[in-house]
Every structure is written in C-alpha cells, then in structure tokens.
Amino acid sequence: MNSNDKHQRTIPSMEKYPSSGLSVVVVGGGIAGLGFAIEACRKGHDVRVLERRPQFVELGDLMVLQSSALHTPKLWPGFLEMLASCQYNSPNYFKKFDGTFIGAHHPGSDDAPSTYVNRAKFHGILEEYARQQGIKIEYSANVVEYFETNDAAGVKFDDGHFQIADVVVAADGVGTKSWGLLHGSKAEPINSGFAVTRVTFPAGPALENPIIAKEFEGFDHRVSLHVGPDSHMVVGKTDTEICWLLNHPDTDGAVEDWSYKASSDIALPHVEGWHPFFKELINATPNHEVTNWKLMWRNAPPTWVSPLGRVVQIGDAAHTFLPTSASGATMALEDGYSLAACLEKGGRERVALATRVHNTLRYERVSCAQRMGLKNRENFHKTDWDYVREHPEVLTSTIGLWLIHHNPENYAIENFESCATHIEDGKTFRNTNAVPGYTWKPWTIEQLLAATDNGEEILDEGDWS
Ligand SMILES: Cc1cc2nc3c(=O)[nH]c(=O)nc-3n(C[C@H](O)[C@H](O)[C@H](O)COP(=O)(O)OP(=O)(O)OC[C@H]3O[C@@H](n4cnc5c(N)ncnc54)[C@H](O)[C@@H]3O)c2cc1C
C-alpha cells in the first residue's frame, strides 16, 4: 500500500449498532487500541484514540493473525480487501537449519484462515480504516497517569491537562502507565534470555544473489520457519519484500525498544553451521541495519481492571507473549472484540460489571496461550530430530485448535449474562474458550523457566494440540 492508494480508496461505512451512550477513551493507537476502537465504534460506543507518537508511522515486520482474530473483521465492510494488500500468501514451510524440509502447514480454520501479515502495513490499514469510520485519533497525546471515580475515568497528559470518559481503555503496550492505578506498582519484567533480530527490505537486490534466489525459486510468496539449536529463524517473502526474524540467545545487549537498531552481523554467529542461505540473507540486509528486540516476559496479573471498574487494560498492556506463542497480535485483537461486546451488553448502567466480565472471560485463555509459547520455544530449540522425522507435527502444528477455533465476540455475547451472574451472585461459571481438559491453575514464568532450566518437560493435562 502506498500513500496514493490511501487517497484513492473509498471505504464503505460500517453498519453500526444504536448508540450505547458510552464515551470511551483509548490510550495507545497500536494494534490493540485501533482494533478495539473500530469494533467499539461498530458497537455504538463513542470512541476516541490517544497516541503518544507525533504522527502515524508504519513500523514492524512479519507477524501472524490467527483465525480467531479474523471473524469480527468480516463485519467491517471493505476491511478484508484491504488486509489482502499486506498478506504473505503462503502456508508455513518448516525446515531444519541444514535445509532439510520437514513439512508444510496451512494454519487456521477453513472459515477464517490464519494469515501472515506485514505488521507495519497492517497497522497502517487499521489506522486508515479507523479514520475513515470517523474515529478521532489524537497524536502527541502522551498519557502519564490514569484515574477513576465511581462514574467516570480519566487520563492525565504530560502537559498537565486531563481527559475524562465513561471508560478508559489502556492499550498503551508493555510500558503502560495504568499499572499504578490497577496494581499500585509495576512488576519487574523477567529476562527471557532471548532476543529477536528482525528486518524487512526490498526483495529485488537480494534476489540477485544466486544462493538467495535458489532458496526462493518457484515462490512468489513464502513463509518458512527454520529450526536450529537454541535459535530459529522465520523468513517471509512476497513479490516485493523479504523479511527475516532470528530468535536467538541474547548475547549482544538487545533492548526492549522497537526503534533500537543494531548491526545484522550480530546474527551471524547464531547461524554458524546452518545452510549457507542464512549467511547470505543476513549479509544482504541493506546497511546491515536490524532491530534487535529483547524478549522480556511479564507475569500477567489476573486483574486487568481498575478497582472501580472504569479502566481496563487490553493487549500488551495486560499481557505479553513470546513470539513462539504466535498470538500477541491475535490476543490483542481478541481482547478488543470481547471488550467492545461486553460494554455493549452492559450498557451505561453496568460499565464496571462489563469490564470485569470481559476480564473473567479472557484471562484463562490468554494465560494458556502464554504457556503454549514457552512449550513451543522448548520444542523448537531442543529438537529431537529422530522423533521429528516420524512426527513432523510436533514442529508444524504448534498452535492449538482450541486457540484457532474461537470467536471472541460471539463468546462474549453468549456468555455475558452467566458470567455477570457469577461475578455478582457467585453462581458457578466455567470458561470454555481455553484448553479442553486443562483446569487452569496459577503459574509463574519463574516456575516454568526453572523447570526448563532443570531439563524438565512441561507436561499438562488436557488437549493442547
Ligand atoms: C513500533 C512497533 C513495532 C512492532 N513490531 C512488531 C513486529 O514486527 N512483530 C510483532 O510480532 N510484533 C511487533 N510489535 C508488537 C505488536 O504490535 C504487539 O505485541 C501486539 O500487536 C499487541 O499490540 P498492542 O497494541 O497491545 O501494543 P503495541 O503495538 O505496542 O501498541 C501500543 C501503542 O501505545 C502507544 N503508547 C505507549 N505509551 C503511550 C502513552 N503513555 N500514551 C499514549 N500512547 C502510548 C505506543 O506508541 C503504541 O502505538 C511492534 C510494536 C510496536 C509499537
């Protein structure tokens, strides 16, 4: 998508629910904030977005949107056509680091196949779609504090002024300023010990290299995952761009900042002994410049809602993921659809109840997706190749059907009243949107990391496949 396309494109208006009378301020115009804002607008809420950046910028590389995040956008006219412009149209090809082919997998459900997208362009599409629906997005709006009363919530900006609404949605990512109000203080992030080195660049010049050209021979679009000892690399190619993301032990002082740049040379030692393609690909990186993102883990507190129920966290502000969950953007979007639906069901009279219902409906599912990410990382980095030869699905089918076959908007609508009764009257309510047969129990990242450090396999009851 280029800026000319944006000017030429006419986007139909969404058919909206009657006005709910609820004013909603969203802090953060990332994937969670914009996804929620569009759906909240459709659900009849009066929504505006506050974004810290001075203007919209397209940043980021390849990421996956699972099926569960793609049902509600079918109700946004014209959106899926726009989405097509940023998709990598490919199954996921799995290979061993030496180039041996393991298998191919078409992710997702038939009615809404999962898809790989360019994050920068997808973000641009959300922003354009939101603006075209009349949603106000205010830039240079740096929120420093959240507050609430029984009847309203608000935010304070760095220049000292305030903004008030019926509900405030904290979608301000890993550095959210809502922790003070929700939890008193912010939990220290835990170092996962890994980093992701990532970059996207034009395909043309790189394809002049015969080793790179050979690897992509016959493919207009391709997404592939290459598994090696302690590291794995995702490579994406479209007609116009190539993207690589190397997940590796952090030996080079990565920083948890999407604008932190490093030399692509730091990736080379991690692909020593791999097929020659990887070295050529890394060396083809323009200016040898990459993002080196430190992978931090945060225990997600079960409570994403402020004491009086008027401020609610979504997306990375509430929970973060390892990339091997392949669920960060998916869960952020799911949160948005669920919250918009709960606020619509609750209406002006039951705002605090609605945010708590949303939290209750979502927490166990999100927690399972986080846990799955660590299991996958262990699978990728400590691979038993003899076993994989007989059972390639241990690498190719790592995202559970429980995660894929879910419609978070419908789930919220269908379960709102019984969950509300559970919260108000203590009547039994059990979620059915997480791992079948697994009874959720509290766990911490420290416990899981200690277990894996001791060489223990993380074995859970239930069907995680
Ligand atoms: C620049 C960038 C690049 C990324 N690239 C990738 C990628 O390549 N692959 C991938 O898998 N994931 C990437 N991510 C992360 C991914 O988008 C998220 O993990 C996931 O989509 C959840 O989205 P989110 O909206 O919760 O968080 P984010 O996408 O991080 O969005 C949070 C938003 O809140 C804004 N914000 C933060 N603090 C404030 C404040 N105080 N006041 C107002 N606004 C604030 C931020 O500027 C940002 O726009 C990237 C995130 C960012 C910000």
Side-chain angles (χ1 to χ4, degrees), residues 25-38 48-66 69 86 88 116-124 126-127 130 137-146 155-159 163 168-180 186 195-200 234 236 241 243-247 255-261 290-298 300 304 312-336 339 366 369-370 373:
V25 157
V26 183
V27 181
I31 306 296
L34 292 173
F36 166 77
I38 295 169
R48 66 165 53 214
V49 179
L50 308 173
E51 167 58 45
R52 179 174 61 179
R53 292 178 189 275
Q55 69 218 4
F56 182 76
V57 267
E58 292 191 344
L59 288 170
D61 306 289
L62 181 140
M63 65 186 193
V64 60
L65 303 178
Q66 304 291 358
C86 73
Y88 286 76
Y116 299 94
V117 293
N118 174 306
R119 193 252 179 212
K121 291 181 188 157
F122 176 62
H123 191 200
L126 284 173
E127 206 259 1
I137 306 175
E138 207 177 302
Y139 286 96
S140 300
N142 186 15
V143 166
V144 292
E145 201 179 310
Y146 291 71
V155 291
K156 184 178 167 192
F157 298 92
D158 55 355
D159 64 4
Q163 202 164 122
V168 171
V169 177
D172 45 352
V174 294
T176 180
K177 299 292 188 300
S178 61
W179 273 68
K186 191 162 184 171
V196 187
T197 303
R198 58 199 315 157
V199 65
T200 304
V234 178
E241 68 191 29
C243 163
W244 62 264
L245 298 82
L246 179 70
N247 192 314
V255 178
E256 196 188 33
D257 177 351
W258 290 107
S259 52
Y260 176 71
K261 298 291 179 201
V290 291
T291 305
N292 195 25
W293 168 262
K294 193 178 189 70
L295 286 170
M296 303 298 283
W297 240 18
R298 291 166 172 82
W304 305 339
V312 51
Q313 299 171 328
I314 62 171
D316 283 0
H319 43 69
T320 57
F321 287 89
L322 289 183
T324 41
S325 296
S327 302
T330 299
M331 290 298 148
L333 290 166
E334 284 192 15
D335 281 352
L339 179 61
V366 164
Q370 289 177 312

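Nothing fancy with the numbering, it's 1 onward along the sequence. What you see is a predicted model, and the numbers here were worked out from it, not measured in a lab. Basis for what follows: all heavy atoms, side chains included, without hydrogens, waters or symmetry-related copies. For ligands, and for the atoms within them, numbers begin at 1 and follow the listed sequence.
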task = Note the single closest protein heavy atom to atom 11 (O) of ligand 1, along with its residue, its atom name and the distance in Å.
result = Met63 CB, 3.5 Å

request  = Taking only Lys NZ, Arg NE, NH1 and NH2, and the carboxylate oxygens of Asp or Glu, determine whether Glu127 and Arg53 approach each other closer than 4.0 Å.
outcome  = no

remark   = For atom 8 (O) of ligand 1, the closest protein heavy atom turns out to be Asp61 N, 2.6 Å

ask   = Any idea which protein heavy atom is nearest atom 39 (C) of ligand 1, and the distance to it?
value = Asp172 CB, 3.7 Å

request  = Measure Ala332 to ligand 1 on non-hydrogen atoms and call it side chain, backbone, both or neither using the 4.0 Å cut-off.
outcome  = side chain

ask   = When rounded to the nearest 0.5 angstrom, what distance separates CD in Glu51 from CD1 in Ile137?
value = 9.0 Å

task = Would you confirm whether Thr291, through its side chain, and Trp293, through its main-chain N or O, come within 3.5 Å as a donor-acceptor pair?
result = no

ask   = Can you tell me which residue and heavy atom of the protein come closest to atom 45 (C) of ligand 1, and the distance to 0.1 Å?
value = Arg52 CB, 3.6 Å

key: Taking every non-hydrogen atom, the tightest pair across Val64 and Ala329   = O-CB, 4.4 Å

message = Closer than 3.5 angstrom, by distance alone: can the side chain of Thr330 be matched with the main-chain N or O of Gln66 as a donor-acceptor pair?
response = yes

note = So for Leu62 against ligand 1, with non-hydrogen atoms under 4.0 Å, the contacting part is backbone

inquiry  = Would the distance check show the side chain of Thr324 and the main-chain N or O of Gly373 forming a donor-acceptor pair, the cut-off being under 3.5 Å?
reply    = yes

message = Using only atom types and a distance under 3.5 Å, with no angle test, would you say the side chain of His123 pairs donor to acceptor with the backbone of Phe56?
response = no

remark   = The answer for which part of Ala141 has a heavy atom under 4.0 Å from ligand 1 is backbone

query = For atom 18 (C) of ligand 1, what is the nearest protein heavy atom, given as residue, atom name and distance?
reply = Asp316 OD2, 3.3 Å

remark   = So for Ser259 against ligand 1, with non-hydrogen atoms under 4.0 Å, the contacting part is neither

task = Look only at the side chain of Gln370 and the backbone of Thr320, and say whether a donor-acceptor pair between them is shorter than 3.5 Å.
result = yes

task = Do me a favour and list the nearest non-hydrogen protein atom to atom 7 (C) of ligand 1 with residue, atom name and distance?
result = Arg198 NH2, 3.3 Å

remark   = Output for pair (Phe321 CZ, Asp316 CG), nearest 0.5 Å, gives 8.0 Å

task = Please identify which atoms of ligand 1 are closer than 4.0 Å to at least one heavy atom of Val27.
result = 42 (N), 43 (C)

Closest heavy-atom pair and its distance - Tyr88, Cys243 = OH-CB, 3.5 Å

Heavy-atom gap Gly175 to ligand 1 smaller than 4.0 Å = no

ask   = Relative to atom 40 (C) of ligand 1, which among Ile31, Asn142, Leu65, Val64 owns the nearest non-hydrogen atom?
value = Asn142

Interfacing atoms of ligand 1 (cut-off 4.0 Å, heavy-atom, Leu59) = 1 (C), 3 (C)

Where ligand 1 meets Ala171 - atom numbers and elements under 4.0 angstrom, heavy-atom basis = 32 (C), 33 (C), 34 (O)

message = Give me the residue, atom name and distance of the protein heavy atom closest to atom 25 (O) of ligand 1.
response = Ala32 N, 2.8 Å

ask   = Considering Glu51, Arg119, Gln313, which one's heavy-atom position lies nearest to atom 46 (C) of ligand 1?
value = Glu51

From the candidates Trp293, Phe321, Trp258, the one that places a heavy atom nearest atom 52 (C) of ligand 1 = Trp258

remark   = Looking only at heavy atoms, the pair that brings Val199 and Asp61 closest together is C-OD1, 3.4 Å

note = Here the gap from Glu58 atom CD to Asn118 atom CG, rounded to the nearest 0.5 Å, amounts to 7.5 Å

remark   = shortest atom 41 (N) of ligand 1-to-protein heavy-atom contact is with Val143 O, 2.9 Å

